[in-house]
Amino acid sequence: MNILDKIIIDKKREVELRKKLIPISQLEASLLFNGRTNSMARLLKNSLSGIISEHKRRSPSKSVINNNHSVEDVVVGYQNAGVCGISVLTDGKYFGGSLDDLLLAKASVNVPLLRKEFIVDEYQLLEAKAHGADTILLIAAVLTREEIKNLSEFAQSLALEVLLEVHNLEELEKSIMPSLDMIGVNNRNLKTFEVSLDYSKELANKIPDEFVKVSESGISTVEAVKDLQQYGYQGF
């Protein structure tokens with residue numbers, strides 16, 4: 001069993017436990033639940049850089065990145081640098097994040113926020129909306145086409161934008177549907193953690209132009225961004 005399989009097993013168990021504690025009615029009563037969506041897709045289309053930054057304490061591939069910072073300091077720094085969006089990790093066990101991180105980010109900046117999470121249930125979309133997310137991530141590697149359809153359409157009904165993440169042609173072909181806003185290519189193989197920008201380059205012309213194209217992971221230079229822009233990517 002690879003790390004991704006383990007994460008999904010744990011996540012499904014975690015969601016079932018959370019459902020027992022916090023009813024949907026409580027999430028829907030949140031002050032933020034009926035808030036207006038701040039569109040990441042629109043900002044990416046009109047940006048010269050298209051940077052989506054990330055708030056992340058640790059990860060299975062990197063171990064501890066930074067456990068001692070404040071959420072506010074990090075996200076305000078990102079906003080001041082001119083990013084188009086901020087991805088906030090909310091997984092606790094593997095990434096050290098929480099929904100509180102999302103709330104603190106929402107209180108600190110006006111930049112569109114992505115709930116970076118392993119989404120397996122509609123309940124998590126209600127949580128995302130109640131905690132200030134504008135966009136949610138769906139990972140094709142762990143979802144069937146039917147699940148992607150149901151989750152993305154439910155997200156749309158909540159006025160949440162959808163970033164669908166793929167890693168290969170098979171995942172892309174099963175995922176293309178009108179209820180997505182952005183399609184991202186993860187340059188990191190989630191099963192082996194090997195990273196290569198070639199994944200983005202190889203899939204670029206297979207992604208229909210009606211979707212905002214996002215290249216994810218392994219980008220560490222301005223040259224890499226400029227290179228990927230030549231392939232039609234607008235988000236990085």
Can you sort out the partners of [X] under side chain to side chain contact (heavy atoms under 4.5 Å, CB included), two or more places apart, ordered by chain and number?
X: Asp198; answer: Ser196, Lys201, Glu202
X: Lys19; answer: Val15, Glu16, Asp121, Tyr123
X: Ser53; answer: Tyr78, Val83, Ile86
X: Ser108; answer: Glu72, Val75, Val76

Please write out which residues are connected to Leu32 in a hydrophobic cluster, directly or through intermediates, given that two of Ile, Leu, Val, Met, Phe, Trp, Tyr count as joined at side-chain heavy-atom separations below 4.5 angstrom.
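Leu103, all in the cluster of Leu32.
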
Asp101/Thr90 under side chain to side chain donor-acceptor pair (under 3.5 Å): CA gap, chis, key distance, verdict:
CA-CA 7 Å; Asp101 289 344; Thr90 61; over 6 Å; no

Atom pair [atom1] ([X]) and [atom2] ([Y]), whose distance is rounded to the nearest 0.5 Å:
X: Leu17; Y: Arg13; atom1: CG; atom2: CZ; value: 8.5 Å
X: Gln124; Y: Glu14; atom1: CD; atom2: CD; value: 7.5 Å
X: Tyr231; Y: Ser200; atom1: OH; atom2: OG; value: 10.5 Å

List the residues meeting salt bridge (Lys or Arg N to Asp or Glu O under 4.0 Å) with [X], not counting sequence neighbours, and say none if there are none.
X: Arg18; value: Glu127
X: Asp91; value: Lys11
X: Lys129; value: none

Walk me through whether Asn187 and Ser217 qualify under side chain to side chain donor-acceptor pair (under 3.5 Å).
CA-CA 5 Å; Asn187 299 309; Ser217 297; over 6 Å; no

Tell me, with the steps shown, if His131 and Lys106 meet side-chain contact (heavy atoms from CB on, under 4.5 Å).
CA-CA 8 Å; His131 289 79; Lys106 187 70 173 180; over 6 Å; no

Enumerate the residue pairs fulfilling side chain to side chain donor-acceptor pair (under 3.5 Å) with a member in [range], sequence neighbours excluded, ordered by first and then second residue.
range: residues 166-177; value: none
range: residues 145-156; value: Thr144-Glu147, Lys149-Glu153, Ser152-Ser179
range: residues 22-39; value: Ser39-Glu161

If I compare all heavy atoms of [X] with all of [Y], which pair ends up nearest, and what's the gap?
X: Leu180; Y: Ile148; value: CD2-CG2, 4.4 Å
X: Leu4; Y: Ala141; value: CD2-CB, 4.1 Å
X: Asn110; Y: Gln79; value: N-OE1, 2.7 Å
X: Ala128; Y: Ile136; value: CB-CG2, 3.8 Å

Does any part of the side chain of Phe33, heavy atoms only, come nearer than 4.5 Å to the side chain of Leu158, both counted from C-beta?
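Yes, side chains in contact.
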
Indicate yes or no: at least one non-hydrogen side-chain atom of Gln229 is less than 4.5 angstrom from one of Phe236.
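Gln229 vs Phe236: side chains touch.
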
If you group Ile, Leu, Val, Met, Phe, Trp and Tyr by side-chain heavy-atom gaps below 4.5 Å, do [X] and [Y] land in one group?
X: Val195; Y: Ile219; value: no
X: Ile7; Y: Leu137; value: yes
X: Leu43; Y: Val111; value: no
X: Ile52; Y: Phe95; value: yes

With sequence neighbours excluded, residues passing side-chain hydrogen bond (donor to acceptor under 3.5 Å, both in side chains) with Asp134
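Per chain and number, Asp134 pairs via side-chain hydrogen bond (donor to acceptor under 3.5 Å, both in side chains) with no residue.
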
Can you tell me if Asn46 has over 12 outside heavy atoms packed within less than 6.0 Å of its CG?
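More than 12 within 6.0 Å, yes.
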
Before giving the answer on side-chain contact (heavy atoms from CB on, under 4.5 Å), spell out for Leu89 and Tyr94 the whole-Å C-alpha distance, their side-chain angles and the decisive distance to 0.1 Å.
CA-CA 10 Å; Leu89 260 299; Tyr94 295 92; over 6 Å; no

Could you go through the side-chain contact (heavy atoms from CB on, under 4.5 Å) check for Asp10 and Phe118 one step at a time?
CA-CA 10 Å; Asp10 286 341; Phe118 299 88; over 6 Å; no

Run through Arg115, His55, Glu54, Glu117 and flag the one making a side chain to side chain donor-acceptor pair (under 3.5 Å) with Ser87.
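That would be Glu54; it is the only one of Arg115, His55, Glu54, Glu117 passing the side chain to side chain donor-acceptor pair (under 3.5 Å) with Ser87.
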
Please assess His69 against Arg57 for the test side-chain contact (heavy atoms from CB on, under 4.5 Å), listing each intermediate value before the final yes or no.
CA-CA 9 Å; His69 64 266; Arg57 288 187 178 81; 3.8 Å; yes

